[in-house]
Q: 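Structure incoming, see below.
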Amino acid sequence: MATEQMKTAEHELEMELAGLLDVERFDPPAEFKQGALLSDPAIYEEAEADWKGWWERQARELHWFKEWDQVLDDSNPPFYKWFTGGKLNISYNCLDRHVEAGRGDRIAFHWRGEEGDERDLTYADLLAEVQRFANAMKDLGIRKGDVVGIYLPMIPEVVIAMQACARIGAVHNVVFGGFSPESVRERMVFSDAKALITVDGAARKGKTAAVKQAVDEVMGDLASLEHIIVVRSKGTPCEMKPGRDVFYDEIMAAAAAECPCEEMDAEDPLYVLYTSGSTAKPKGVLHTTGGYLTGVSATHRYVFDLHPETDVYWCMADVGWVTGHSYIVYGPLCNGATSIMYEGAPDYPHKGIWWELVEHYKATIIYTAPTAIRACVKWGAEHPRKFDLSSLRLLGTVGEPINPKAWLWYHKVIGGERCPIVDTWWQTETGAIMITPLPGIVSTKPGSATRPFPGIKAEVVDEREGKPIAEGQGLLVLTRPWPSMLRTLFRDDERFVETYFRRFGKETYLVGDASRRDKDGYYWVIGRIDDVVNVSGHRLSTAEVESAIVAHEAVAEAAVIGQHDEDTGQSICAFVTLQGTQEGSPELEDGIRATVAERIGKFARPKRILWADDLPKTRSGKIMRRLLRDIAEGRALGDVTTLRDPAVMAALESQIRSEEANES
Ligand code: PRX
């Protein structure tokens, strides 16, 4: 009976959502608009008329030990400098400033563990912990400019570690907990990290992963890594190497309580964050201090319409991605927000846990990824409907294009049709949100990130000459510097210029996405134009996955493509040529997936593996992924005349079709 009722309810919902598909735009609800920080569209023209002045006003919201001499130094593009001569400290802005203004008792984070354990940290608590940990790092000899790796799950110590680095001027390099220890090692080597902060064990859907032990297996001989600091989180046993490894709680107990902030130059590095590009070697995106904080705090305030006294804000991303850096840690703390931080997965201990937490903490703003919304759609509306979601007033998404059906479900089931949705487009490189609605001003269209944030200038240009296209599809570019832009790729200026500023010149940032602009000037981001695949909002390079696959002893060659996937947006499909006369088998598939998990992380495992005797290549030996995409998605093949051996395609196609026939 209950199941019957549920089926009827789901069916009714389907019908209602189908009815909404025809609605072209959703205006900001009157009630929302009334209380919004920004509700006058004139802000766009004002910012446009004097964009440097606009950013300067945003920078004035921060605390500076010394003001800047110049807002923007654009004398050497694309190496822009913002707020030159200015001195500030990010940790001071995020913590001390609030405590000094009498806001020390405000909750910074309601932390919730996977098994229901709770820990509330006020701004005063966080400041005390951060100062102590900053001193503990100094006691180990870590100094301004040193790189510190952070490989931690979603526990408060990750925020403490990042803030403590910012306090003493150490450059953090956070690696997402879903990456394998091998990936961590690679990132520590590339960034020449002096220390790594990690954990004994991490909770994962009721199990505990022995993180430190796994780290030791690959990191043992890394001489440049002088210290490993281990947070005791789950009590998982681990070995400690004398002279190198220390427990977090022990060094905290020995450290002094007060740690004054280092006065940082506006352009001093804050962090490096590795992300995927078109080669197998990840790119170390470098962000600096003054411009980054200006960008993330201004966007966090206005895009989420943050009222810090009353809002309870929850960014559901992992802190290991840029979304977590900018919108769990730096933006919200700088703005004095009260946030929720959740250690676990959205379906553990049950599929309604997110909504249970929204009810429990009375969340007013949530920010998540389309892939998570699609998973919730699949699990069914009965899970959120068990909880009171009436505290919510604003919803956000990020990471990939959102399909209108998921958007409408979010709008109706989660937002109760009263919450604006901000679909925010940006990247690791941009540091902060670039294209987004301002929720009290801009009408939204499901699937469009709408228009550039005030002060940001975007264009859609044609592929050949880079000429702006008023309406239609082309390449997305940003044609004006912005404060939170990456400054370079870590120790690789050449690759920085080559990747982003070669195609259309030194003043036009090439995003790497295709986009369409409609008659109202709204942007509809379509997806990547390079060899980057977006799986559940996780960015991966095809070359990176290929090189992991060929590490398997049975593999001779591999080509990876991103394939459309209903659940994850894109999924990884690998064409694999085996050594000698070996035949593909389910065991080999498992083995290849295990190799990828070990080299990169479980999230990079290919969903589909296709055995290929040979791969289509151009005369110069380049694999033609376009043709592989055609084959994988069952389309008619495009132009094959540039292939070295056109017969390869016919053979491959018949091989794959017969494999598909066998599978079904
Ligand atoms: O392709 C775009 C997609 O994610 C890419 C950036 O990935 P990453 O650096 O990992 O940062 C993700 C979180 C900021 C972009 O080049 N992307 C991000 N947001 C959107 C999006 N695509 C469409 N709509 C979005 N809102």
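Values below: every heavy atom of this structure, side chains too, minus hydrogens, waters and symmetry copies. Both counts, for ligands and for their atoms, begin at 1 and track the order of listing.
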Q: Say whether T275, considering both its backbone and side-chain N or O atoms, lies within less than 3.5 Å of an N or O atom on ligand 1.
A: no
Q: Ring centroids only, cut at 6.0 angstrom: are H287 and H325 within range, meaning strictly under it?
A: no
Q: Please write down residue, atom name and distance for the protein heavy atom closest to atom 15 (C) of ligand 1.
A: D513 OD2, 3.3 Å
Q: With nothing but distance in play, are any N or O atoms of R528 less than 3.5 Å from an N or O of ligand 1?
A: yes
Q: Would Y509 and W482 count as a close aromatic pair, with their ring centres under 6.0 Å?
A: yes
Q: With a 4.0 Å cut-off, would you call K412 and E417 a salt bridge?
A: yes
Q: May I ask you to decide whether D530 forms a salt bridge with R528, counting only side-chain N to carboxylate O separations under 4.0 Å?
A: yes
Q: Polar contacts were defined as any N/O atom of the residue lying under 3.5 Å from an N/O atom of the ligand; does this apply to Q427 and ligand 1?
A: yes
Q: Under a 4.0 angstrom heavy-atom cut-off, which atoms of ligand 1 come close to V398?
A: 13 (C), 14 (C)
Q: State if G527 counts as touching ligand 1 under the rule of any non-hydrogen atom under 4.0 Å.
A: no
Q: Which residue and non-hydrogen atom of the protein lie closest to atom 19 (N) of ligand 1, and at what distance in Å?
A: G399 N, 3.1 Å
Q: What donor-acceptor contacts under 3.5 angstrom involve side-chain atoms of residues 440-448, with partners at least two apart or in another chain?
A:
{"from": "S443", "atom 1": "OG", "to": "D27", "atom 2": "OD1", "distance (Å)": "2.6"}
{"from": "T444", "atom 1": "OG1", "to": "F26", "atom 2": "O", "distance (Å)": "3.4"}
{"from": "K445", "atom 1": "NZ", "to": "D518", "atom 2": "OD2", "distance (Å)": "2.8"}
{"from": "K445", "atom 1": "NZ", "to": "D520", "atom 2": "OD2", "distance (Å)": "2.7"}
{"from": "S448", "atom 1": "OG", "to": "T450", "atom 2": "N", "distance (Å)": "2.9"}
{"from": "S448", "atom 1": "OG", "to": "Y523", "atom 2": "O", "distance (Å)": "2.6"}

Q: Tell me: protein heavy atom nearest atom 7 (O) of ligand 1, and distance?
A: R539 CD, 3.5 Å
Q: What I'd like to find out is whether the side chain of T299 reaches to under 4.5 Å of the side chain of F304, using heavy atoms alone.
A: no
Q: Looking only at protein heavy atoms, which one is nearest to atom 13 (C) of ligand 1, and how far off is it?
A: T323 OG1, 3.5 Å
Q: Please determine, by modelled atom types, if E598 and S180 share a side-chain donor-acceptor pair under 3.5 angstrom.
A: no
Q: Quick one: does P401 get within less than 4.0 Å of ligand 1, heavy atoms only?
A: yes
